[in-house]
Novice: 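I'd like to ask some things about the structure below.
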Amino acid sequence: MFKVFVITYSMYGHINKMAESIVEGLQKAGAEVGRYQVAETLSDEILGKMHAPPKPDIPIITADKLPEADGYLFGFPTRFGNTPAQMKAFFDSTGGLWQKGALAGKPAGIFFSTASQHGGQEATVLTTLPFLAHHGVIFVPFGSGHPNLFDNSEVIGGSPWGAGTIANGDGSRQPSQKELEIAVAQGENFAKIVKKLAA
Ligand SMILES: Cc1cc2nc3c(=O)[nH]c(=O)nc-3n(C[C@H](O)[C@H](O)[C@H](O)COP(=O)(O)O)c2cc1C
């Protein structure tokens, strides 16, 4: 048995919805899945002003748990084409693991969400890569592993960097069937690689 942690930050729920399909794909390929979210860093007052709904009942990850997994799929919305601060705060808590090289050689992938098609899906992954590199974590791209990535008949998030969804500026668009299919495929593809590396 090999274990994958799906670790997310989501303010309006799009990433949590994508994570359900990611988990489906991981389990299809035989992974044991741990599902976590990172701690919120914003106050309730600010979250209220941003019209953020209450967080779902998903355990909060702490750095000391990371070594238990054989691989990680991180999911988060973009913030100005960057990793959100909430995810960065979690990454910043992993210094002790970095010192011991505790995550070196383990694989990780990323899935993401933006408001608009051109809002920085790929940049969001690129700006997260230094965290992985410093830990010696192996970034696993999705590749061009699903036909939906070549379908231009409708708006479809995602890219060879990972599964993605487009939320609209007001959050009104939900992950589409085709985006969720890509997310299932990313989970499945990632699990196969984790299995090989963990063997
Ligand atoms: C401070 C801030 C910055 C954002 N920057 C971008 C951006 O650069 N590009 C973009 O397309 N969306 C941007 N968004 C929109 C979020 O990415 C969008 O709300 C998110 O993808 C929805 O995912 P969630 O429901 O999982 O939180 C930003 C949102 C906030 C609050």
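In this text the structure is predicted, and so the values were computed from the model without any measurement. Each residue takes its place number in the sequence, starting with 1. Computed over heavy atoms, backbone and side chain alike; hydrogens, waters and symmetry mates excluded. Counting starts at 1 for both ligands and their atoms, in listed order.
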Novice: Which pairs count as salt bridge (Lys or Arg N to Asp or Glu O under 4.0 Å) when at least one residue sits in residues 167-176, sequence neighbours excluded?
Specialist: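 As it turns out, the salt bridge (Lys or Arg N to Asp or Glu O under 4.0 Å) pairs with a partner in residues 167-176, which skip direct neighbours, are R173-E179.
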Novice: Is N152 atom CG crowded by more than 12 heavy atoms from other residues, nucleotides or ligands, each under 6.0 Å away?
Specialist: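 Counting neighbours around CG of N152, 12 or fewer heavy atoms of other residues, nucleotides or ligands fall under 6.0 Å, so no.
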Novice: How are the rings of F91 and F131 set relative to one another: parallel (under 30°), tilted (30 to 60°) or perpendicular (over 60°)?
Specialist: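 It falls in the parallel class, under 30°.
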Novice: Can you tell if the side chain of T165 reaches within under 4.5 Å of the side chain of K17, non-hydrogen atoms only?
Specialist: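 No. Closest side-chain heavy atoms not under 4.5 Å.
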Novice: Return each pair, listed once, that meets side-chain hydrogen bond (donor to acceptor under 3.5 Å, both in side chains) where at least one residue sits in residues 105-114; pairs must be two or more places apart or across chains.
Specialist: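 Of all non-adjacent pairs touching residues 105-114, those that pass side-chain hydrogen bond (donor to acceptor under 3.5 Å, both in side chains) are T114-Q121.
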Novice: Got a sec, which pairs hit salt bridge (Lys or Arg N to Asp or Glu O under 4.0 Å) with one end in residues 31-40, sequence neighbours left out?
Specialist: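 Qualifying pairs: E40-K55.
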Novice: Using heavy atoms and a cut-off under 4.0 Å, could you grab the residues that are in contact with ligand 1, chain by chain, numbers ascending?
Specialist: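 Residues within 4.0 Å of ligand 1: S10, M11, Y12, G13, H14, I15, M50, P77, T78, R79, F80, G81, S113, T114, A115, S116, G119, A167.
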